[in-house]
Amino acid sequence: RKMRTRSRQKNKGYWSRYYEASESAWPMAVHSLGFNRTPPNAKNPMLKHPWHHWMDADEGRSLPTLTLVHVIRGSGVFSSKESGELEVPSGSLIFAFPNVRHSYFCKKETGWEDEWVEVEAAAILPVLAKVGVTSEKPIVRLGDSPRLLRQFRRLFDYARIGAGEGSLAACAYETIVTALEELKGIRSTASAVENMRMRLGGDVTAPVSSVATAATATGRSASWMRTAFRRETGLSPKRYQLQQ
């Protein structure tokens, strides 16, 4: 597999690699990866990309591959015919689906920091469908994820040292799996917190007297639930119960 384009900026705000993977036998072959560090009021970061990946707000772009974009800080907007225009808050994952014309940009007032990996789509699309990530719902709010940050750093290190196609594909697959595992954990937490809310008074037909009793009924410990509940709602379980 030949490297198609090698793109670098002299500053530390942008780094990328692009690969020719059309003849690859690997189901998760990497086509591109990199990161943007775009400060507020900066020029459109997409203008730094090579012509075959460049897009503007009006025309967008369509790729035959799947691109996972992790927005670390800042905020932006994603748009496609399938999804409409969607807000992209800090800590989001963008899944740019194959053959879907789309565009995404950071907001000028916030800028953003993002990192991405673009891969062959066939192996991962069935998995995305099972977790409810579709071209109509391509944005997932993840929040802070040190684990995913570490995995992207590992992927970039592989690319920098010129790792072989198979090793790079395996690391890219692990990166996407990490993102999906983080998503699964968040959804599991959200489900447990919603169950807790109902037991603390949201469902008046089955109220409970204590936080510990309610947490046990959800299958979680009281200490775990207090932390998760406050993170999800901004309130302690007891404060929420009193408000109810």
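Because the structure is predicted, anything quoted here is derived from the model rather than measured.
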query = Does a salt bridge link Glu59 with Arg101, judged by any charged N lying under 4.0 Å from a carboxylate O?
reply = no

note = Distance col, row Ser83:OG vs Glu136:CD, nearest 0.5 angstrom, shows 8.5 Å

message = When you group the ILVMFWY residues by side-chain heavy-atom contacts below 4.5 Å and let the links chain together, are Leu33 and Leu180 in the same group?
response = yes

ask   = Are Leu242 and Met198 connected, step by step, through hydrophobic side chains (Ile, Leu, Val, Met, Phe, Trp, Tyr) whose heavy atoms are closer than 4.5 Å?
value = no

message = The test is side chain to side chain contact (heavy atoms under 4.5 Å, CB included); show your working for Val117 and Phe152 and say whether it passes.
response = CA-CA 9 Å; Val117 60; Phe152 263 105; 4.2 Å; yes

ask   = Is the closest side-chain heavy-atom distance between Phe105 and Met55 below 4.5 Å?
value = yes

ask   = Looking only at atom types and distance, does a side-chain atom of Arg154 sit under 3.5 Å from a main-chain N or O of Arg150, one as donor and one as acceptor?
value = no

request  = Would you sort out whether Arg226 and Lys238 count as a side chain to side chain contact (heavy atoms under 4.5 Å, CB included), showing the intermediate values?
outcome  = CA-CA 9 Å; Arg226 288 189 183 97; Lys238 193 63 179 178; over 6 Å; no

key: Atom CZ of Arg239 with >12 non-hydrogen neighbours under 6.0 angstrom   = no

ask   = What are the two closest non-hydrogen atoms of Gly60 and Ser103, and how far apart are they?
value = CA-CB, 3.9 Å

query = Ile124 and Leu183: same hydrophobic cluster, using ILVMFWY side-chain contacts below 4.5 Å?
reply = yes

request  = Begin with the C-alpha distance, continue with both residues' side-chain angles, and end with the deciding distance and a verdict on side chain to side chain contact (heavy atoms under 4.5 Å, CB included) for Tyr18 and His52.
outcome  = CA-CA 10 Å; Tyr18 291 84; His52 42 76; 3.9 Å; yes

Heavy-atom closest pair, residues Ser32 and Trp116 = OG-NE1, 3.0 Å

ask   = Side chains of Tyr104 and Arg61: donor-acceptor distance under 3.5 Å anywhere?
value = yes

ask   = Do Cys106 and Asn36 come within less than 4.5 Å of each other through their side chains, counting heavy atoms only?
value = no

query = If you group Ile, Leu, Val, Met, Phe, Trp and Tyr by side-chain heavy-atom gaps below 4.5 Å, do Ile94 and Leu63 land in one group?
reply = no

request  = Write down the atom of Leu168, the atom of Ala159, and the distance for their closest heavy-atom approach.
outcome  = CD1-N, 3.9 Å

request  = Determine, step by step, whether Met28 and Ile176 satisfy the side chain to side chain contact (heavy atoms under 4.5 Å, CB included) criterion, reporting the C-alpha distance in whole Å, the side-chain angles of both residues, the deciding distance to 0.1 Å, and the verdict.
outcome  = CA-CA 10 Å; Met28 284 289 293; Ile176 293 177; 3.7 Å; yes

Rounded distance [0.5 Å steps], NZ in Lys137 versus CD in Glu82 = 14.5 Å

message = Ignoring hydrogens, what is the shortest heavy-atom contact between Glu109 and Pro40? Give both atom names and the distance.
response = O-CB, 3.6 Å

task = Considering only NZ, NE, NH1 and NH2 on the basic side and carboxylate oxygens on the acidic side, decide whether Lys107 and Glu87 come within less than 4.0 Å.
result = yes

request  = Determine yes or no for a side-chain-to-main-chain donor-acceptor pair under 3.5 angstrom, with Thr110 supplying the side chain and Ser75 the backbone.
outcome  = yes

key: Check: Gln151 and Cys171 side chains under 4.5 Å, non-hydrogen atoms   = yes

request  = Please round to the nearest 0.5 Å and tell me the distance separating atom CG of Asn99 and atom CG of Leu66.
outcome  = 11.0 Å

Check: Glu174 and Leu155 side chains under 4.5 Å, non-hydrogen atoms = no

inquiry  = Counting C-beta onward and ignoring hydrogens, is there a side-chain heavy-atom pair between Leu148 and Glu181 closer than 4.5 Å?
reply    = no

note = Heavy-atom closest pair (Val133 atom, Phe97 atom, distance to 0.1 Å) is O-CZ, 3.5 Å

ask   = Between CZ of Phe95 and CD1 of Ile139, what distance do you get to the nearest 0.5 Å?
value = 9.5 Å

request  = Determine the interplanar angle of the Phe78 and His102 rings, folded into 0 to 90°, and report it as parallel if under 30°, tilted if 30 to 60°, perpendicular if over 60°.
outcome  = parallel

message = Under 6.0 Å from the ring centre and within 45 degrees of the ring axis: does the NZ or CZ of Arg17 meet both conditions for the six-membered ring of Tyr19?
response = no

inquiry  = A quick test of your reading: do over 12 heavy atoms of other residues, nucleotides or ligands sit less than 6.0 Å from CD of Gln243?
reply    = yes

ask   = For Val71 and Gly74, which heavy atoms make the closest approach, and how far apart are they?
value = CG1-O, 4.0 Å

ask   = In Å, rounded to the nearest 0.5 Å, how long is the span from OG1 of Thr38 to OH of Tyr14?
value = 10.0 Å

query = Is the shortest heavy-atom distance from the side chain of Lys184 to the side chain of Val131 under 4.5 Å?
reply = no

remark   = Interatomic distance, CG@Asp114 vs OG@Ser92, rounded to 0.5 Å, equals 11.5 Å

ask   = Around Asp157, counting heavy atoms of other residues, nucleotides and ligands shown, do more than 12 lie under 6.0 Å from its CG?
value = yes

query = Do you reckon Val88 sits in the same ILVMFWY cluster as Val77, going by side-chain contacts under 4.5 Å, direct or chained?
reply = no

